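Read through the structure below, which is laid out as structure tokens, and then see the notes.
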Amino acid sequence: MDDDLKPASAPRERPTLKTIAFMTGLGITTVSRALKDAPDIGADTKERVRMVARQVGYQPNRAGVRLRTGKTNVIALVLSIDEEIMGFSSQIIFGISEVLSGTPYHVVVTPHAHSKDPMLPVQYILETGSADGVIISRTEPDDPRVRLLAERKMPFATHGRTACGIAHPYHDYDNEAFAREAVERLARRGRKRIALLAPPEKLTYYRHTRDGFIHGLRAHGLNEVPLAINIDASLEEVKHAVQQMMRAADAPDAIISSASSTTIAINAGIEAAGMKVGTDVDLVSKQSVPILNWIVPDLIAATEDFREAGRELASAVIASIEGVSAEKLQSISRPVWSSEA
């Protein structure tokens with residue numbers, strides 16, 4: 001038969017609870033309750049049902065779930081498309097997914113850009129009822145998204161703290177400890193003049209970072225060399241600014257970077273000025289995965305585990321959905337320094 005005359009293959013039907021029931025020999029109600037982890041269903045039965053569900057690619061019909069329960073089983077991750085490139089987005093999603101894999105929930109990424117109104121994605125989620133819980137990042141001291149989510153009683157968790165007087169779930173990194181301990185390490189190496197590539201001033205962790213940095217400088221009698229840009233600058237802008245700074249008469253002998261992606265640009269600027277990290281200048285940076293020392297062998301590095309952050313945030317938002325008080329859903333991780341630091 002001519003290929004053009006062959007009948008089109010029938011579209012593959014979406015697996016349903018009925019499909020799993022047929023394949024396991026169980027009733028549809030039993031299958032449904034097993035997938036919901038009902039306590040009256042045996043562990044062996046649950047595992048058999050879940051195995052078949054994975055094999056056939058079963059996914060619950062969200063429209064049907066929402067009609068029956070009023071829930072979407074969706075956790076919305078509001079993620080900036082401009083987030084730093086060295087691991088934040090992928091690692092935090094991995095961490096969230098690890099926690100959600102054992103629950104009915106799925107993560108849906110809602111992207112936005114730094115240059116746009118950060119309220120827009122949150123307002124969209126609230127207006128459409130497209131999620132049961134929300135995770136946001138890049139928090140500000142008086143964050144309007146936090147106020148709106150709290151007012152609308154939408155369960156949420158934030159990557160970063162606020163200072164707006166509203167108790168809410170969060171996971172944060174101790175940026176104050178990172179900056180203070182970075183200065184201490186540089187002081188032990190005999191460095192005297194230190195520059196800080198900081199977060200944007202509008203974000204909460206800018207103040208945490210600056211407080212730790214200034215505390216470290218004062219404790220060791222060191223001086224700051226001002227750097228007029230922040231980690232939201234383009235990599236080319238960071239490289240150019242560092243190159244100019246390192247060629248000046250009052251160049252620093254150490255630099256602290258608040259983001260791993262900008263650290264690559266800092267190193268490029270140092271090299272463009274004819275200098276070398278570890279000899280002419282020391283460089284300290286956070287990193288989410290241990291690869292910066294492959295690129296800059298003499299770098300002083302502290303790990304910020306974004307996968308852990310994802311796990312903590314997912315657990316917090318689910319617990320918030322279940323009614324756990326916000327004060328019990330707040331965590332802070334400390335810097336983990338490489339053995340050479």
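All values reported here derive from a predicted model rather than from experimental measurement. All values below come from the heavy atoms of this structure, side chains included, with hydrogens, waters and symmetry mates left out.
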Stepwise, does the side chain to side chain contact (heavy atoms under 4.5 Å, CB included) test hold for S89 with L79?
CA-CA 8 Å; S89 300; L79 191 63; 3.7 Å; yes

Quick one, V99 with Y105, criterion side chain to side chain contact (heavy atoms under 4.5 Å, CB included). Give me CA distance, side-chain angles, the key distance, then yes/no.
CA-CA 9 Å; V99 171; Y105 294 100; over 6 Å; no

Where do S333 and D305 land on the side chain to side chain contact (heavy atoms under 4.5 Å, CB included) test, with the steps shown first?
CA-CA 8 Å; S333 62; D305 192 336; over 6 Å; no

Between Y170 and T162, is a side chain to side chain contact (heavy atoms under 4.5 Å, CB included) present by the stated rule, with each step listed?
CA-CA 9 Å; Y170 65 74; T162 61; over 6 Å; no

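Taking every heavy atom of both residues into account, R191 and T279 meet most closely at NH2-O, 3.4 Å. L292 and S260 make their closest contact through CD1-CB, 3.7 Å (heavy atoms, listed as atom of the first residue, atom of the second, distance). The two residues H106 and L100 come nearest to each other via the heavy atoms C-CD1, 3.7 Å. Taking both residues in full, the closest heavy atoms of L35 and R50 are given as CD2-CG, 4.4 Å, listed atom of the first, atom of the second, then distance. The two residues I41 and T30 come nearest to each other via the heavy atoms CD1-CG2, 4.2 Å. Of all non-hydrogen atoms in L235 and S261, the two that sit nearest each other are CD2-O, 3.7 Å.
Here the straight-line distance linking atom CG of L120 with atom OG1 of T110 works out to 12.0 Å at 0.5 Å rounding. The line from CZ of R145 to OG of S137 is 6.5 Å long, rounded to the nearest 0.5 Å. Summarising the geometry, atom CD belonging to E312 is positioned 11.5 Å from atom CD1 belonging to I135; distances are rounded to the nearest 0.5 Å. Atom OG of S285 and atom CD1 of I264 lie 8.0 Å apart (nearest 0.5 Å). Rounding to the nearest 0.5 Å places CD of E184 at 13.5 Å from CZ of R189. Atoms CZ and OG, from R307 and S97 in turn, are 9.5 Å apart once rounded to the nearest 0.5 Å.
Tracing side-chain contacts under 4.5 Å through hydrophobic residues (I, L, V, M, F, W, Y), one reaches L283 starting from V238; they form part of the same cluster. In the hydrophobic cluster analysis, where Ile, Leu, Val, Met, Phe, Trp and Tyr join through side-chain heavy atoms closer than 4.5 angstrom, I136 is grouped apart from I318. Tracing side-chain contacts under 4.5 Å through hydrophobic residues (I, L, V, M, F, W, Y), one never reaches I321 starting from I125; they form parts of separate clusters. Both V52 and F22 belong to a single network of hydrophobic side chains, linked directly or stepwise wherever heavy atoms of I, L, V, M, F, W or Y lie under 4.5 Å apart. Residues L227 and M275 share a hydrophobic cluster, clusters being chains of Ile/Leu/Val/Met/Phe/Trp/Tyr side chains in contact below 4.5 Å.
Among M246, M245, K276, the single residue meeting the side chain to side chain contact (heavy atoms under 4.5 Å, CB included) criterion with I270 is M246. Only one option out of R218, R210, K192, R193 pairs with E224 in a salt bridge (charged side-chain N to carboxylate O under 4.0 Å, His left out); it is R210.
Side-chain atoms of R138 and P118, non-hydrogen and from C-beta on, never get closer than 4.5 Å to each other. The closest side-chain heavy-atom distance from V289 to F306 is not below 4.5 Å. When side chains are defined from C-beta on, Y205 does not count as touching T139, because their heavy atoms never get closer than 4.5 Å. By the 4.5 Å heavy-atom criterion applied to side chains, L197 and V242 are not counted as neighbours. Counting heavy atoms from C-beta on, the side chains of L222 and L186 never come closer than 4.5 Å. Within the 4.5 Å cutoff, the side chain of V317 has no heavy atoms near those of the P169 side chain. When side chains are defined from C-beta on, D172 counts as touching H208, because their heavy atoms get closer than 4.5 Å. Contact of the D132 side chain with the N73 side chain is registered, since non-hydrogen atoms from C-beta on lie closer than 4.5 Å.
Within a 6.0 Å radius of NE2 in H215, no more than 12 heavy atoms belonging to other residues, nucleotides or ligands are found.
Electrostatic pairing of D232 and K202 does not count as a salt bridge here, judged by no charged N lying under 4.0 Å from a carboxylate O. Using a 4.0 Å cut-off between a side-chain N of Lys or Arg and a carboxylate O of Asp or Glu, R54 and E47 qualify as a salt bridge. By the 4.0 Å N-to-carboxylate-O rule, D44 lies too far from R48 to be salt-bridged with it. A salt bridge links R147 with D142: the closest approach of a Lys/Arg side-chain nitrogen to an acidic carboxylate oxygen falls below 4.0 angstrom.
In this structure a side-chain-to-backbone donor-acceptor pair under 3.5 Å is missing from S130 to L126. For the pair K286 (side chain) and P335 (backbone), a donor-acceptor distance under 3.5 Å is absent. When atom types are taken as modelled, the side chain of N293 and the backbone of L299 share a donor-acceptor pair closer than 3.5 angstrom. With S315 contributing its side chain and R311 its backbone, the two residues share a donor-acceptor pair below 3.5 Å. When atom types are taken as modelled, the side chain of T204 and the backbone of E140 share a donor-acceptor pair closer than 3.5 angstrom.
Taking the six-membered ring for Trp and thresholds of 30 and 60 degrees, H171 and H159 have nearly parallel ring planes, at less than 30 degrees apart.
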